[in-house]
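Report on the following structure.
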Amino acid sequence: MKQFAYLVPRSLDEAISFHEAHGDRAKYVAGGTDVLVKIKEGKILPDYLISLKHILGQDRPLLNQETGELYIGSFVTHRMIEKSAIVRIHYPILHDAIRNIGSVQIRNVATIGGNLVNAVPSADGAIPLITLDATANIQGPKGERSVDLARFFLGPGLCDLERSEILIEIVVPPLLLRTGSAYIKFGRREAMELPMLGVGVLLSLGESSVTCVKARICLGVAAPTPIRALEAEAFLVGKPIDGGTLEKAGKIAAKESRVRDSIRGVAWYRREMVGVLVKRMGLKCMERIKKLAQ
Amino acid sequence: MGKMISFALNGNKMAVEVKDHWTLLHLLREELGLLGTKEGCGSGECGACTVIVDGMAVNSCLFPGLEIAEKDVVTIEGLTSPDGTLHPLQKSFVENGGIQCGYCTPGMIMSAKALLDESPNATEEEIKHSLAGNICRCTGYVQIIDSIKSISEGGVEEVHVVAWKNKEKDE
């Protein structure tokens, strides 16, 4: 394996200044489960790795009780999110996705920020967070900025990060009352698999618990980046939610998807499954709303 | 380039010089001569290199060596008592036919230990979820799961052998 110097900054500012000093010869690393594989395969050849593991205050999901916002520091491991009771109960879509990313060994060290900045089309971490309308907070040499996570992904392996910038935090806005959410990673195996398709659905119902007031449908591996099925979302709002409306929404979402043939699955099958899974996840949202109400 | 770090290996405090680019697996096998931990794929897919760092199962092939500074590392060698008595999990693997070629066994046992330390009465479902990152190509999964179940259902009290600090708390 290529030799590199391993730098351990103690603050974000220090990390950024290290990166500015070494430029393209340096690479940020958090858990390292992707970066070290790429180095071993010779796909990247950094002279410096800048570890982000020792920066304090970024290591667990926190719910702000006053604003209802959920803060997830970028360097929170997948395992911390998987074990979080807040996430399991109130953001089940995130729990659905995270518990099936990699293995326990990977989740114990791999961070959610690392998952996101890799920007692979199959990013299981991104779909639920986009479905939840999350924002990404970014810090760089010029200061802090925020970007909608839905706009963060620019192409395969490409995200909206300027030179030396670090994704530092994900913020999930408060959930409406009567909200349910669900994610399915659809593949051929139960574990250690990249999805053939990832489908996240969020539904919020009005006071009668029948009419949809908010809908989010986000698809993974259905385009070069995660995409929202905007037409299907718009179709659902204002309608009573049942198997019939969800089936129609699924068909619209399938048309919106830009699936293609790959080794993991052929396009026509993927498109068909978008429809099936949108409906299935919609029904799961409804189940979860009912369960919360009890 | 290298740095002196101290850490606990199987309960023994030690100080070693670690080169920046070494993985924990390299440190264990090539520098410290502990050959119990295996390298399979080298890319975090197979789990043969699983060791426990501060109570958590990790792939040592992808774990930066320098990151074990001030941490507790437990390898398969740390499970057997100094007098040669096998750990209950090791014994169970032997008795239940959980070992064929044996290459995956250290990783399997370390994943199982990390699970049982946290939930001593883990269900079959939890065992399968926790072992998803450990591949056995002799395909003896049934016996492997049986080996672990006989501990989690059998009420063996002392699964802990080496204690560590700061067990992670939820929230």
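Below, all heavy atoms of this structure are taken into account, side chains as well, without hydrogens, waters or symmetry copies.
- Using a 4.5 Å cut-off on side-chain heavy atoms (C-beta onward), E45(B) and M192(A) make contact.
- Using a 4.5 Å cut-off between heavy atoms, E82(A) touches chain B through its side chain atoms alone.
- If you take CG on L36(A) and OG on S43(B), they are separated by 11.5 Å, rounding to the nearest 0.5 Å.
- A side-chain donor-acceptor contact under 3.5 Å links K40(A) to the backbone of G42(B).
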Query raised in the report: Hey, mind stepping through K53(A) and E67(B) against side chain to side chain contact (heavy atoms under 4.5 Å, CB included) and telling me if it holds?
Result: CA-CA 9 Å; K53(A) 275 182 106 162; E67(B) 292 290 351; 3.7 Å; yes

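- With a 4.5 angstrom heavy-atom cutoff, V109(A) touches chain B only via side-chain atoms.
- Here L49(A) contributes atom CG and H21(B) contributes atom NE2; the two are 11.5 Å apart, rounded to the nearest 0.5 Å.
- Residue contact with chain B, scored on non-hydrogen atoms closer than 4.5 Å, is absent for D34(A).
- The two residues P64(B) and G31(A) have their closest heavy-atom pair at CD-O, 4.5 Å.
- Listed for the N108(A) side chain is a donor-acceptor partner under 3.5 Å among the backbone atoms of A57(B).
- Between Q105(A) and M110(B), the closest side-chain pair of non-hydrogen atoms is not below 4.5 Å.
- Atom-to-atom distance recorded for D20(B):CG and D47(A):CG is 12.0 Å, nearest 0.5 angstrom.
- Annotation: K27(A), atom NZ; neighbour count of heavy atoms from other residues, nucleotides and ligands within 6.0 Å does not exceed 12.
- Note on R99(A), M1(A), H54(A), E41(A): by heavy-atom pairs under 4.5 Å with chain B, the leading option is R99(A).
- Distance check: L131(B) CG to S103(A) OG gives 10.0 Å after rounding to the nearest 0.5 Å.
- Atom CD1 of I39(A) is separated from atom OG1 of T23(B) by 11.5 Å, given to the nearest 0.5 angstrom.
- Side-chain contact between N100(A) and H129(B) is present, with at least one heavy-atom pair separated by less than 4.5 Å.
- Separating the CG atom in L62(B) from the CD1 atom in I106(A) is a distance of 5.5 Å, to the nearest 0.5 Å.
- Distance alone, capped at 3.5 Å, is enough to place a donor-acceptor pair between the K3(B) side chain and the Y6(A) backbone.
- Only the side chain of R107(A) comes within less than 4.5 Å of a heavy atom of chain B; its backbone N, CA, C and O stay farther away.
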